[in-house]
Amino acid sequence: MNTKAAATDASASETPLEKLSLDELKERLSCNEAGLTTAEVQTRLTKDGFNELSHEGETNVLLKFLSYFWGPIPWMIEIAAILSAVVQHWADFAIILTLLLVNAVVGFWEEFQAGNAIAALKSKLALMARVRRDGKWSQVPARELVPGDVIRIRLGDITPADARLLSGDPIDVDQSALTGESLPVSKKAGESVYSGSIIRQGEIDAMVYGTGSHTFFGRTASLVQTAHTTSHFQKAILKIGDFLIVVAVALVVVIFLAALFRGDALGETLQFALVLTVAAIPVAMPTVLSVTMAVGARLLARGQAIVSRLAAIEELAGMDVLCSDKTGTLTKNILKLGDPFLLDGVTIDQILKAAALASRAEDEDAIDKAVLEGAGEQATAGLGEVVHFQPFDPVHKRTEAEVRLADRTTMKVTKGAPQVILALATNAEAIRSQYESAIDAFASRGFRALGVAQTDAAGNWKVLGVLPLFDPPRDDSAATIAEAKKLGCKVKMVTGDQLAIGREIAGQLNIGTHLIDAKIFEDVSYHDSARIDQMIEEADGFAQVYPEHKYHIVDVLQQHGHIVGMTGDGVNDAPALKKADCGIAVSGATDAARAAADIVLLSPGLSVVIDAICEARKIFQRMNSYAIYRISETCRVLIFMTLSILVFNFYPVTAVMIVLLALLNDGAILTIAYDNVRLQQEPEKWNMRLVLGIATVLGLAGVVASFGLFYLAQEVYKLDRDIIQSLIYLKLSVAGHFTIFNTRTRGPFWSIAPAKALLLATLGTQVAATLIAGLGIFMAPIGWKLAGLVWLYALAEFLIVDRLKLIAYRIFDHEGEPVFIK
């Protein structure tokens, strides 16, 4: 018996406080309704975690900023910068350092913006609380509350902590910011209220059992804080960077060993290897891609979509599942009247007038607002004066008004819970069947029912009918969802409302009616987890969800290989917004939701999301084009130079030429951010097999062409080695920029006209390269005739390579669309 008792006690001690009864809670906290003493409060304040949201210690801002100089992408770039300084190549050192600085600023700013979610969540907490200590009521900062405190909450208060209601009348609590419920809920003695919820009606004392990170609100903040993800964009850049670095290092090592074996000067060899490494490693790649996305972000801003994390643009382009919050996102978050159910002999005008008279605008009640707006001004015109009004309360569950008519007689009208209204009628049994059938029919469609009655000449109550209330979809929601489906993006609705309400809205918007209740996520066994995951995959939406449910839904979909977007507007959406590949805060969102999101919409509804998806896919096309270009150019230069040195013992370009190539080519290619592209109808994703395959084909074709020019110059025209180096430099420069016009289209190069900015930038840099080679700046002059021949040779190479590209796409992209234009 003792063993069993001990086991029972141990089990009870592990039970969360929110699941204990009021008496058990008092016993666990060793307190009573008289409130704590100052000494007890001081003792509990010394315990960790009672008053602050859990948050990692603040990191020195300077150290955090410097951390961006050393990471998984640019580690070889830092080494190159250090080596440049060692051998006193200050120009190279300055260029590399500038690029690193730009990337560090962008990365630091992105994290700074995203990290504001916790601060925004904290700012939503109540600042002061009424608490009873030492037998006296006083105002204290909410952060000083401890479990066991007795607080008083009343109309208009933000609940300062998780608390259990003590004795008293029921209160109405608005939990919409936490749970997504569109209407206040009634709470009675013994039930819990959550930190951050708003008291809409009533007054009562409550006992605190959770503060700070131990509250329902605090766990939401913790979810936001821990939701760190690596974007698919970052993963792709890592793969591309790793590929180029491995190729560059391997070939440079081969060159270096060959030079040592031949007895070349060590200093000269080291200098050349260093410069070649700097040119080969994609130093400018993160900057070019960041600029491309930044330009796209400015374009999205014009469409009322503010981007707070640049990588989210790439995620938006590949998004194939959009989890959308219902209340305030797909719907207007404003109650509306539907078509009423009328009993025999009752007109619509009659029921609307009675309901309007039983409502009061100044109470700012959501139901009263809906009734008055639905009835219109004419409904109450000329009906006399309301001499007494009884507002709604959780006990009577109805409003009532006494009205003095024009003939000085009086009547009463009432509206409220349907069963309460039915109980007033003298003929309740006669109408019960059809009345309850109407209520059930409204409930099956997700409508909230409101009974309406008025007194007759004898003063007896007569039921008029039932008014349905619903939160209507936004005007553009259905069209937006249809467009999203056309773009290959499945929409799943996520709501804190009941299952019937969710199904009704989902059906109206053509999302689908296969919704599941989020209660199934609770206490899931290991054996059921796979089944639940499959249900999440197949569902059209989810009802009665809490913040941790939304977070879990996003997590499961990501694990199944989806790129997930999440829209929302409340504190309850913040964890899922942060966890999602692309979190979207809709118009009117709370500060916490905006801070956790990657994209913030300024205009109502989701229509701007479609525009953002289209723009993001165009941006992805530009980034993909640049990635192929950068890889092909690295292979073209490195392989050609390695083979030239190994086979012919000839350095085809000098270190200065390599620096010039890097400066001119990477500088002009920034304008690809403005290029014209063709919108894809399916979600974009990084296909590294395709990217590396196409880039390798283009790169090897360039190597062959470079050796062809080298053969002509040396064997046919018998030119000097210095002149040959200048020719090779100009050919690598001109043909290199022609390559971008190969990579920017899947079809022939003329299938999509290039942007003027890209065309002018590339033309300008190649005119500069031609002048440098023709006049002999930093190299032997080749004259204008040879320069013209190099241009013709590069143009011929460009046309041939463009046809090779089409063949390569057919080989590497079996599932893609045909690239030949009929």
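Here the structure is a predicted model, which means the values were calculated and not measured. Counting begins at 1 with the first residue of the sequence.
- Partners of Glu538 under the side-chain contact (heavy atoms from CB on, under 4.5 Å) rule, at least two apart in sequence or in another chain, are Gln534.
- Thr480 places none of its side-chain heavy atoms less than 4.5 Å from the side chain of Val491.
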Arg360 and Val386: CA distance, side-chain angles, deciding distance, side-chain contact (heavy atoms from CB on, under 4.5 Å) verdict: CA-CA 10 Å; Arg360 191 162 58 180; Val386 175; over 6 Å; no
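- Contact of the His552 side chain with the Ile536 side chain is registered, since non-hydrogen atoms from C-beta on lie closer than 4.5 Å.
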Val554 and Lys550: CA distance, side-chain angles, deciding distance, side-chain contact (heavy atoms from CB on, under 4.5 Å) verdict: CA-CA 6 Å; Val554 172; Lys550 296 181 182 183; 5.7 Å; no
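- The heavy-atom pair separating Glu436 from Leu422 by the smallest distance is OE2-CD2, 4.4 Å.
- Donor-acceptor pairing under 3.5 Å is lacking for the side chains of Arg404 and Thr410.
- The backbone N or O of Tyr209 sits nowhere less than 3.5 Å from a side-chain atom of Asp162 that would complete a donor-acceptor pair.
- Residues passing the side-chain contact (heavy atoms from CB on, under 4.5 Å) test with Gln390 are His388, Asp393, His396, Glu400, sequence neighbours excluded.
- The side-chain heavy atoms of Asp172 and Ser186, taken from C-beta on, include a pair separated by under 4.5 Å.
- Within the structure, ring-ring contact (aromatic ring centres under 6.0 Å, His included) contacts touching residues 427-464 (residues at least two apart or in different chains) are Phe447-Phe470.
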Contacts under 3.5 angstrom, residues 337-347 side chains, donor-acceptor by atom type, not counting sequence neighbours:
{"residue": "Thr347", "atom": "OG1", "partner": "Gln350", "partner atom": "N", "Å": "3.1"}

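- Every residue was checked against the salt bridge (Lys or Arg N to Asp or Glu O under 4.0 Å) condition with Lys187, not counting sequence neighbours, and none meets it.
- Residue pairs meeting the salt bridge (charged side-chain N to carboxylate O under 4.0 Å, His left out) criterion with at least one member in residues 449-464, sequence neighbours excluded, do not occur.
- The closest side-chain heavy-atom distance from Gln454 to Leu464 is below 4.5 Å.
- Judged by distance alone, with hydrogens and angles left aside, the side-chain atoms of Lys326 form no donor-acceptor pair with the main-chain N or O of Ala543 at under 3.5 Å.
- Evaluation of the salt bridge (Lys or Arg N to Asp or Glu O under 4.0 Å) rule for Asp205 yields Arg152 as partners, not counting sequence neighbours.
- Proximity of Pro160 to Ile151: side-chain heavy atoms (C-beta onward) are separated by under 4.5 Å at one or more points.
- For Ala423, the side-chain contact (heavy atoms from CB on, under 4.5 Å) test picks out no residue, with sequence neighbours left out.
- Inter-residue side-chain proximity for Leu601 and Thr567 is flagged as unmet; no heavy-atom pair is nearer than 4.5 Å.
- Partners of Asp611 under the side chain to side chain donor-acceptor pair (under 3.5 Å) rule, at least two apart in sequence or in another chain, do not exist in this structure.
- Sorted by first and then second residue, the side chain to side chain donor-acceptor pair (under 3.5 Å) pairs involving residues 413-429 (not counting sequence neighbours) are Ser359-Lys415, Asp368-Lys415, Arg398-Thr414, Thr399-Lys415, Glu429-Arg432.
- The salt bridge (charged side-chain N to carboxylate O under 4.0 Å, His left out) contacts involving residues 475-487 comprise Lys332-Asp475, where partners must be two or more places apart or lie in separate chains.
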Contacts table for residues 499-513: side-chain donor-acceptor under 3.5 angstrom, sequence neighbours left out:
{"residue": "Glu504", "atom": "OE2", "partner": "Gln508", "partner atom": "NE2", "Å": "2.9"}

